[in-house]
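Structure first, then comments.
Below, read A as the first sequence line, B as the second, and so on, with proteins coming before strands; counting in each chain starts at 1.
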Number of protein chains: 2
Amino acid sequence: MEFSESEQQELRAVAEEMAEAARGVTLRYFRSSALAVDNKEADGFDPVTVADREAEQAMRAVLAKRRPDDAIYGEEFGKSAGVSGLTWVLDPIDGTRAFISGAPSWGVLIGLDAGQGPVLGVIDQPYIGERFVGGFGKADLARGGAQREISVQACDGLESAILMTTFPEVGSPAEGAAFAAVSAKCKLTRFGLDCYAYALLAMGQIDLVIEAQLNSYDVQGPIGVVQGAGGIVTDWQGNPAHAGGQIIAAGDTRVHAAALEILNS
Amino acid sequence: MEFSESEQQELRAVAEEMAEAARGVTLRYFRSSALAVDNKEADGFDPVTVADREAEQAMRAVLAKRRPDDAIYGEEFGKSAGVSGLTWVLDPIDGTRAFISGAPSWGVLIGLDAGQGPVLGVIDQPYIGERFVGGFGKADLARGGAQREISVQACDGLESAILMTTFPEVGSPAEGAAFAAVSAKCKLTRFGLDCYAYALLAMGQIDLVIEAQLNSYDVQGPIGVVQGAGGIVTDWQGNPAHAGGQIIAAGDTRVHAAALEILNS
């Protein structure tokens, strides 16, 4: 699907309006005693909050008004059909565990899927006040009224690379072992940053993010941002990753190739 | 050692001036291509940067002018003797690995040790713009010109507790296993936040921080903040922790006692 310059501007403006709407909701609940936490999992702890739900509703309200022909796929309220061929893929709070812990590594994720993956992505961190937007061949970071272009950094191999993931377990025992094999080759491994790790990759601060068992709404926003900044995101087999699953994101194709080889050996 | 109201105000003002001086340095280097990273370890990666060194120098310059009789113990430039009985314990950048990765979980730590541990502590996160100060029976968080008192939250036991640490390995294999035994009882465990975890504990967002192999300058600032907010910090045997080593910080004595029992079994 091709987009004219004015269509690109329109889609970006809608994405920003959605991020702004979600920001108002999430900031109202972040670190507030009004935050009620429910558990989605019978056998474990998978929290969802009133902030997740209201933030997705706020984004859906923007789409209902401005893009009624587009489809929606949101974490909390599922799929709504459309007729335009475009789907807005929404994670109102990626990193709900961080959110309920007061740690500002969570983010509002917006991806615009044109059928083959995101053409536009947003990672918004309301408390720090950062908005990362990538798509249509570029990416930028806006904070406090200032905006600057961002891009991934060059990295010649794993021994120079900073790697991030969210949980030490990563996924299944086999997935955890594959991750550990890559981690053992890297200069530095850090944990716990949720979607913010992809933002750090896109701005050239780190070199590699590897995760597993993700959903489409966890990755479409980050893929848009990382690709816009010149990075590469695939699954662990090197195939398109926008449906979720096992994800590897890299700033440099050399690091991507070296990590893929280990993940598959 | 007892401090009059005006002495308390004076000491706090000095601590804030130091934090402000360090903030200027660290913000200049954070996410900057001017940041040079050296490795302190022959067999591993223990980064130190020009930002660490200059930030400590900036804080020492404040002390040279305002508190020339006090001793100093800083991570980068070691010990300087004093005659007042007070020692300023400084970690110019706690979380240098986070700093070089662009993640704003690092902090400038200041502790004022009156001989038996800190009577005043500061955790400053310059990029987010948050300053946590605790001591003399209270604690507060300042951001963007606004200041509010903070306090730990009640928590009736490990099954309701959110636990944080920085590295999944925690310390030695035995220390890692002890941590894992506590973690298995907790509602949620999160990694990667460096000194910011103590700030989250002090403001009642999480319930427990457990770390090992820390230095005095890693803990004196956090101890001041957590104790000021009503929390408890000891070593894994329940003894004073201001010299470093194995650290457990809790917001509620019930959680502290339950975790200590597991750490020592």
Report summary line: Cut-off 4.5 Å, heavy atoms of chain B, and the answer for A:Ala98 is both

Tell me, side chain or backbone of [X] under 4.5 Å from chain A's heavy atoms, or both, or neither?
X: B:Thr189; value: neither
X: B:Ile128; value: both
X: B:Phe191; value: both
X: B:Ala197; value: neither
X: B:Glu130; value: side chain

Report task. Can you see which heavy atom on A:Leu188 is nearest to which on B:Ser101, and at what distance? Result -> CD2-OG, 3.9 Å

Query - Minimal non-hydrogen separation, A:Ala103 against B:Leu193, with atom names - result: CB-CD1, 3.6 Å

**Report entry** Over 12 foreign heavy atoms within 6.0 Å of CD, B:Gln147
**Finding:** yes

Query raised in the report: Hey, does A:Arg190 have a side-chain heavy atom less than 4.5 Å from the side chain of B:Ile100?
Result: no

Report summary line: Heaviest contributor of heavy-atom pairs below 4.5 Å to chain A, chosen from B:Gln153, B:Met203, B:Met164, is B:Met203

